[in-house]
Amino acid sequence: MSTPGPYEAYPSHPPTGYPPAAPLSYLQGGPVGFGEAVRQAFSNGFVYRGRASRSAYWWWVLFETITIIVLELLIIIPAAAHSTAAVTLFVIIVVIAAIYLALVGLALTVRRLHDIDKSGWWVLIGLVPFGGIVLLIFSLLEGTPGPNRFQP
């Protein structure tokens with residue numbers, strides 16, 4: 001077989017002898033869309049094993065940000081109407097929802113660290129000054145190709 005010239009297309013099929021690669025599942029670090037990322041994050045909310053792709057992590061961050069903004073608006077609207085009981089109720093709801101979203105996000109962050117072959121304990125670096133920058137950089141890194149030590 002000759003190699004293609006500069007203007008010829010490469011063959012679209014894998015070379016013979018290699019089976020086609022199976023698509024990765026969610027906990028193996030496979031890419032997902034927005035709806036699937038949110039659905040899988042909730043269904044694996046307290047699962048700290050496995051991997052999470054960049055798309056799964058960043059779609060969750062977008063969902064979490066939008067949700068918190070909407071929940072905070074639920075506090076502002078009754079506060080503008082000077083309804084103390086409603087504000088108190090909505091504050092309690094927002095706090096409970098924020099804690100739940102943060103716990104799901106923590107598990108997802110640990111799985112994101114696993115995808116780049118780092119221990120989940122690296123999440124604690126966020127507690128030191130400028131540690132959040134390190135976590136941001138880690139979350140932007142591409143996952144390790146193929147299996148790693150955190151593969152489920």
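Quantities reported herein were computed from a predicted structural model and do not represent experimental measurements. As a basis for the values below, the full set of heavy atoms in this structure was taken, side chains included, without hydrogen atoms, waters or symmetry mates.
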- Query: After noting the C-alpha distance and the side-chain angles of Leu27 and Arg49, does the key distance pass the side chain to side chain contact (heavy atoms under 4.5 Å, CB included) rule?
  - Reply: CA-CA 8 Å; Leu27 288 177; Arg49 61 173 171 71; 3.8 Å; yes
Would you tabulate the side-chain donor-acceptor contacts of residues 98-109 under 3.5 Å, counting partners in other chains and residues two or more places apart, or write 'none'?
| unit_1 | atom_1 | unit_2 | atom_2 | d |
| --- | --- | --- | --- | --- |
| Thr109 | OG1 | Gly105 | O | 2.7 |

- d(Tyr57 OH, Leu62 CG) to nearest 0.5 Å is 12.5 Å
- Task: Spell out, yes or no, whether Val128 and Ile133 are grouped together once hydrophobic residues are joined by side-chain heavy atoms under 4.5 Å, including indirect joins.
- Result: no
- Checking Ile92, Val94, Ile93 against Ile96 for side chain to side chain contact (heavy atoms under 4.5 Å, CB included), the one that qualifies is Ile92
- Do Trp58 and Phe34 have ring centroids that are under 6.0 Å from one another? no
- Query: Of the non-hydrogen atoms in Gly29 and Ser53, which two are nearest, and what is the gap between them?
  - Reply: O-CB, 3.2 Å
- Message: For Phe46, is the CZ atom crowded, meaning more than 12 foreign heavy atoms sit under 6.0 Å from it?
- Response: yes
- Query: Roughly how far, to the nearest 0.5 Å, is CD1 of Ile76 from CZ of Phe90?
  - Reply: 12.5 Å
- Would Ile68 end up clustered with Leu89 when hydrophobic side chains under 4.5 Å apart are linked, directly or stepwise? yes
- Message: Distance check, rounded to the nearest 0.5 Å: Thr88 atom OG1 versus Ile75 atom CD1?
- Response: 10.0 Å
- Heavy-atom pair with the smallest gap, counting every atom of Trp60 and Ala41: CE3-CB, 3.5 Å
- Derivation of the side chain to side chain contact (heavy atoms under 4.5 Å, CB included) call for Arg112 and Lys118: CA-CA 9 Å; Arg112 179 72 199 120; Lys118 301 270 186 230; over 6 Å; no
Using residues 134-144 as the side-chain source, report each donor-acceptor pair under 3.5 Å to any protein atom, sequence neighbours left out, with the distance given to one decimal.
| unit_1 | atom_1 | unit_2 | atom_2 | d |
| --- | --- | --- | --- | --- |
| Ser139 | OG | Leu135 | O | 3.4 |
| Ser139 | OG | Leu136 | O | 2.7 |
| Thr144 | OG1 | Arg51 | NH2 | 3.2 |
| Thr144 | OG1 | Asp115 | O | 3.3 |
| Thr144 | OG1 | Asn148 | ND2 | 3.0 |

- Cluster check Ile125, Phe130: I/L/V/M/F/W/Y, side chain < 4.5 angstrom: no
- Message: According to a hydrophobic-cluster definition based on side-chain heavy atoms being under 4.5 Å apart (Ile, Leu, Val, Met, Phe, Trp, Tyr only), do Ile116 and Val47 belong together?
- Response: no
- Message: On a heavy-atom basis, which atom in Ala37 and which in Trp59 lie closest, and how many Å separate them?
- Response: CB-CB, 3.6 Å
- Query: Can Ile77 be reached from Val91 by stepping across I, L, V, M, F, W or Y side chains whose heavy atoms are under 4.5 Å apart?
  - Reply: no
- Item | Backbone of Ser25 reached by a side-chain donor or acceptor of Gln28 within 3.5 Å | yes
- Which residues satisfy the salt bridge (Lys or Arg N to Asp or Glu O under 4.0 Å) test with Glu72, sequence neighbours excluded? none
